[in-house]
Amino acid sequence: MSDSGQQLTAAGELRHLLTLEGLSRELLMQILDDAEQFLAPPTQQVVRSRVLSGLTVANLFFEPSTRTRASFELAAGRLGADVLNLDVSTSSRIKGESILDTIYTLQAMQVDSFVVRDAAAGVPQMIANAVRPGVCVLNAGEATVAHPTQGLLDALTIRRARPDLASLKICIVGDIAHSRVARSAVQALMTLGAGSIRLVAPPSLQPDAGLYPGAALYDNIEQGIAGAHIVMALRIQRERIADHDDIPDSETYAQRFGVNPHNLKGADDDVLVMHPGPMNRGVEIDGGVADGPRSLVTEQVRNGVAIRMALLERVNRTASQWRDT
Ligand code: NCD
């Protein structure tokens, strides 16, 4: 195996985005700063929006997605890339072609970046190990393990709303056991120095021991949310759960773990609320809270495009050293 599957080069540059685990605070801050540039009003932006002109980005989503796929598509398009969206329902994978055959076929068509979502753990790394130097891989959601662009857009959203991360109590409520969003968000927030992180879930949806060193676990929302400045609600990942008997029914769940006005009472007076989507209104989040003045949901979506622009630009800049000019 060549070392081209490593996400960092020997010089520490980001070549693929596979996981946030192990990335430095400095690198994460640079990525957030780059994304800020793309959020500036068009008249104030440094003119660099066509940096991916002549390059091709392929979106390979082997799991359903609306916002992440749309977000990557817009990000790549706004940087001037050609974008290929592979329709998975008609793709060769269904006909028994392996993922790598699909990758080699697209690579032969001069695809420069692969954006990959898959239900199996390890797929982004496997693709990174197989592509030729000069081709980048970005993880757009990997099983329950990682969703690095989501973790970064959540960190950016929090930093923009409450820049003093070290003073923040951040509470994530929901199906922590199956959440790649929680995994990546906590990795980013810990590295960036968030004050404290609390994870709240019913006993059957608690994470495996040791997965979240440094975070406090609760099975009671009142305790977990007390004094929180940021509360992030997560959906129950029913498609990843074989035995549904242990999961509370929607009504009980909404009452005990829903981010709603009643459960938010003990939070900080200026609490802000987040959700990665797709939302189940009235279950893990109350509709009025999601649409209300404390909600950052729209900012998360907006910031997601900027984060993906920053990452596509960065990994392609690194990869350009192995490309013919
Ligand atoms: C999340 C995902 O796919 O992991 N959604 C997203 O990327 N916006 C969360 C979820 O599906 O619940």
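Counting convention: from 1, in listed order, for ligands and their atoms alike. Worth saying up front: this structure is predicted, and the values here are computed from it rather than measured.
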Under 3.5 Å, which donor-acceptor pairs link side chains of residues 132-143 to any protein atom two or more places apart or in another chain?
residue	atom	partner	partner atom	Å
Arg132	NH2	Gln107	O	3.3
Asn139	OD1	Gly141	N	2.8
Asn139	ND2	Leu18	O	3.0
Asn139	ND2	Glu142	OE1	3.0
Glu142	OE2	Gly122	N	2.6

Between Asn129 and Gln125, does the side-chain hydrogen bond (donor to acceptor under 3.5 Å, both in side chains) criterion hold? Intermediate values first, please.
CA-CA 6 Å; Asn129 291 342; Gln125 179 70 68; 2.9 Å; yes
Enumerate the salt bridge (Lys or Arg N to Asp or Glu O under 4.0 Å) contacts for residues 231-245, please, sequence neighbours excluded, ordered by first and then second residue.
Glu63-Arg240, Arg235-Glu239
Is any side-chain N of the basic residue among Arg78 and Glu73 closer than 4.0 Å to the acidic one's carboxylate O?
no
Cluster link Ile285 to Val271, ILVMFWY, side chain under 4.5 Å
yes
Side-chain donor/acceptor pairs under 3.5 Å, residues 221-234, sequence neighbours excluded:
residue	atom	partner	partner atom	Å
His229	ND1	Lys169	N	2.9

Set of residues that line ligand 1, where lining means a heavy atom lies under 4.0 Å from it
Arg67, Thr68, Arg117, His147, Gln150, Arg180, Val181, Arg235, Gln237, Pro276, Gly277, Pro278
